There are 2 protein chains.
Amino acid sequence: MPDSNTAHEVLTVVFQVRHFDEHERAGRRSDAGHSAPELAVLLWQRALDPQRGAWSLPGGALGPTEDLTTSARRQLAEKVDVRELHHLEQLSVFSDPVRVPGTRTIASTYLGLVPVTSDPRIPDDTAWHPVAELPDMAFDHRVMIEHARARLAAKLSYTNIAFALAPDGFTMSELRDIYCAALGYQVDTTNLQRVLTRRGVIGSTGETARSGPGGGRPAAVHRFIDHALRVTDEFAALRPPN
Amino acid sequence: MPDSNTAHEVLTVVFQVRHFDEHERAGRRSDAGHSAPELAVLLWQRALDPQRGAWSLPGGALGPTEDLTTSARRQLAEKVDVRELHHLEQLSVFSDPVRVPGTRTIASTYLGLVPVTSDPRIPDDTAWHPVAELPDMAFDHRVMIEHARARLAAKLSYTNIAFALAPDGFTMSELRDIYCAALGYQVDTTNLQRVLTRRGVIGSTGETARSGPGGGRPAAVHRFIDHALRVTDEFAALRPPN
DNA sequence: ACAAAAGTGTTCGTGCTACACCCATGG
DNA sequence: CCATGGGTGTAGCACGAACACTTTTGT
């Protein structure tokens, strides 16, 4: 009996660092006055029961001839331009038999990252939400987002994964804002630059950016050396002998 | 149509650090003359086609009312006493539509750890194999073992995961042998002790072990403080400010 | 006494943080 | 010339690697 009563779905936590307008979200600006960017997740609102009105992660049923990664990309193509998805990796599987009502459904979750520069057209039932204040979430989707966020934060410190969130060229201030948004705490610009250059993760293009209104020294433009995930701090301790 | 033609199986990479007899495995002894322990994986040999005679990871079909972790434990109960399984964690999912012939089967893989002290009775078709020289492996099981080994090696350096491989009480030499076997390279006993005590991972019981034949100072007996997985080196860089 | 194994102390290098100080631009 | 923001220098700390040295046992 190869057939079963079990369905398999793929759900992707898509993150992007975004600015949210002040009039949308009162009383949330940095000291300097300009709004600080925040880590956002892409969600769609359920139009039908169960859990009508609650927000869900994008995704859907796994097709019979596709693997999980292909399925995740296919499903996201309806919500986000696939070319904008600079990183996609597998997270964990949620297999509680009663995690959703009806047919028993196993969910494989993915982490997807979109750079700040892209602003893909998204359907009407879909929106970016700051991870700091999530709406009512359907089923077990909230904990999936928490897992994804923890994974992202961890990898920011020992891989070059930020390449998938940053634009092609950027100033160190812009990159610091991205790290702050993704990590949820303040990061020192000076040390960020030193750590990433020492590890060979970023480098300087020759160019310089124009200084903003009110002056200030023009910033050097940097870029990520690699555009694929690389581990840059493999063993903090117990590393192999020379 | 909730029914599907897709099956779901759970496969577990069970590791244990074991001694292999010299007459079984010629020419593999340390300088001192006593055989060094090695990292071993539990496999069973297929009696039926396809891939008859090749070796497989233990596991099987996911039951309709159990989650993945429960299923892994249940399947292993036939091979290994469950009480001996001191750690079990999810690895990745293998979802290539043609990864096995016949019904499309998705495999969720797990990492399981058994302490050196236990020697569970295992069925006749089942055996421990050193990971350094695996036999002919069925399907995609070889790469699953490689994933598991990489995960174990990584976690040994930034978590207390070795508690699941070590006995209740141990000397630092015994613990070093476990780390050497699992990592595949030499580890310095002195520094291992310092790293793990500073992190609060291990501590000294008052006791001392008897010295072996040929003398030598009796060793202090140590133990792991926690018996659940704990991350001990979360941020190597970019850690939050004070 | 001697060998063997365990434990301790010391030196060194490295990677990260924090903070002070210098540079370039717009007004 | 001054405010604003970018960049550089430096001191200090915490961690881990390597290795010499001391301690405690058995024969």
Side-chain angles (χ1 to χ4, degrees), chain A residues 30-34 36 156-158 169-177 179-180 183 185-222 232-242, chain B residues 30-34 36 156-158 169-177 179-180 183 185-222 232-242:
Chain A
S30 79
D31 321 1
H34 69 282
L156 279 174
S157 92
Y158 69 92
F170 49 84
T171 66
M172 288 313 298
S173 293
E174 290 165 350
L175 188 61
R176 167 183 45 81
D177 286 343
Y179 271 84
C180 288
L183 291 173
Y185 54 79
Q186 287 306 110
V187 174
D188 185 73
T189 317
T190 302
N191 296 327
L192 180 65
Q193 177 173 359
R194 266 200 273 258
V195 168
L196 296 183
T197 46
R198 179 178 29 228
R199 293 181 177 178
V201 172
I202 61 172
S204 172
T205 71
E207 311 163 54
T208 60
R210 285 197 310 279
S211 37
R217 175 170 167 173
V221 178
H222 293 257
T232 59
D233 191 22
E234 194 147 18
F235 300 104
L238 306 180
R239 50 178 164 276
N242 310 327
Chain B
S30 78
D31 321 359
H34 68 281
L156 279 174
S157 91
Y158 70 91
F170 50 84
T171 67
M172 288 313 298
S173 293
E174 291 166 349
L175 189 60
R176 167 183 45 81
D177 285 344
Y179 271 83
C180 289
L183 291 173
Y185 53 78
Q186 288 305 112
V187 174
D188 185 72
T189 318
T190 302
N191 296 327
L192 180 65
Q193 178 172 359
R194 265 201 272 260
V195 168
L196 295 183
T197 46
R198 184 185 11 237
R199 293 181 178 180
V201 171
I202 63 172
S204 171
T205 72
E207 312 162 53
T208 59
R210 286 196 311 278
S211 38
R217 173 169 170 173
V221 177
H222 293 256
T232 60
D233 192 22
E234 194 146 16
F235 301 105
L238 307 180
R239 50 179 163 277
N242 308 329

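Below, chain A is the first sequence line, B the second, and so on; all start at residue 1. Quick caveat: nothing in here was measured; it's all calculated off a predicted structure.
- Taking OG1 of Thr232(A) as the reference point, atom CZ of Arg198(A) lies at 11.0 Å (rounded to 0.5 Å).
- Checked against side-chain contact (heavy atoms from CB on, under 4.5 Å), Thr205(A) has the following partners two or more places apart in sequence or in another chain: Glu207(A), Val221(A), Arg223(A).
- Taking atom CE of residue Met172(A) and atom C1' of nucleotide dG7(D), one finds them 11 Å apart after rounding to whole Å.
- Of the two residues near DNA chain D, Ala236(A) and Ala219(A), the one whose nearest nucleotide lies more 5' is Ala219(A).
- Between Cys180(B) and Gln186(B), some side-chain heavy-atom pair lies under the 4.5 Å cut-off.
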Checklist outcome for this item: Per-nt protein contacts along nucleotides 20-27 of chain C (heavy atom under 4.0 Å; B base, S backbone sugar-phosphate only, - none) come out as ---BBBS-
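- Of the residues in residues 191-208 of chain A, those with a non-hydrogen atom less than 4.0 angstrom from any atom of DNA chain D are Arg194(A).
- Distance CG (Asp188(A)) to P (dG7(D)): 13 Å, rounded to an integer number of Å.
- Separating the CG atom of Asp233(B) from the P atom of dG15(C) is a distance of 15 Å, rounded to the nearest angstrom.
- By the salt bridge (Lys or Arg N to Asp or Glu O under 4.0 Å) test, Arg199(A) pairs with Asp233(A), sequence neighbours left out.
- Going from atom CD1 of Ile202(B) over to atom CG of Leu192(B) covers 6.5 Å, rounded to the nearest 0.5 Å.
- dA5(C) atom P lies 12 Å from atom CG of Asp177(B), rounded to whole Å.
- Atom CZ of Arg176(B) is separated from atom C1' of dG7(C) by 13 Å (rounded to the nearest Å).
- Between the CD atom of Glu174(A) and the P atom of dG5(D) there is a distance of 14 Å, rounded to whole Å.
- Distance, Arg210(A) CZ to dG5(D) P: 17 Å, rounded to whole Å.
- With sequence neighbours left out, the ring pair (Phe, Tyr, Trp, His ring centres under 6.0 Å) criterion links Phe170(A) to Phe224(A).
- Separating the CZ atom in Phe235(A) from the OH atom in Tyr158(B) is a distance of 11.0 Å, to the nearest 0.5 Å.
- End-to-end axis angle of the helix from dA1(C)-dT27(D) to dG27(C)-dC1(D), from C1' rotation axes over five pairs per end: 20° (rounded to 10 degrees).
- Annotation: side-chain contact (heavy atoms from CB on, under 4.5 Å) contacts of Thr171(A) (sequence neighbours excluded): Ser173(A), Glu174(A), Ala209(A), Ala219(A).
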Item to check | Residue pair Gln193(B), Leu175(B): steps toward the side-chain contact (heavy atoms from CB on, under 4.5 Å) verdict | outcome: CA-CA 9 Å; Gln193(B) 178 172 359; Leu175(B) 189 60; over 6 Å; no
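- Every side chain to side chain donor-acceptor pair (under 3.5 Å) that Thr189(B) has, sequence neighbours left out, goes to Arg176(B).
- Note: CD (Gln186(B)) to P (dA17(D)) measures 14 Å, nearest angstrom.
- Side-chain N/O atoms of Thr189(B) include none lying less than 4.0 angstrom from OP1 or OP2 on dG7(C).
- Evaluation of the side-chain contact (heavy atoms from CB on, under 4.5 Å) rule for Thr190(A) yields Asp188(A), Arg194(A) as partners, not counting sequence neighbours.
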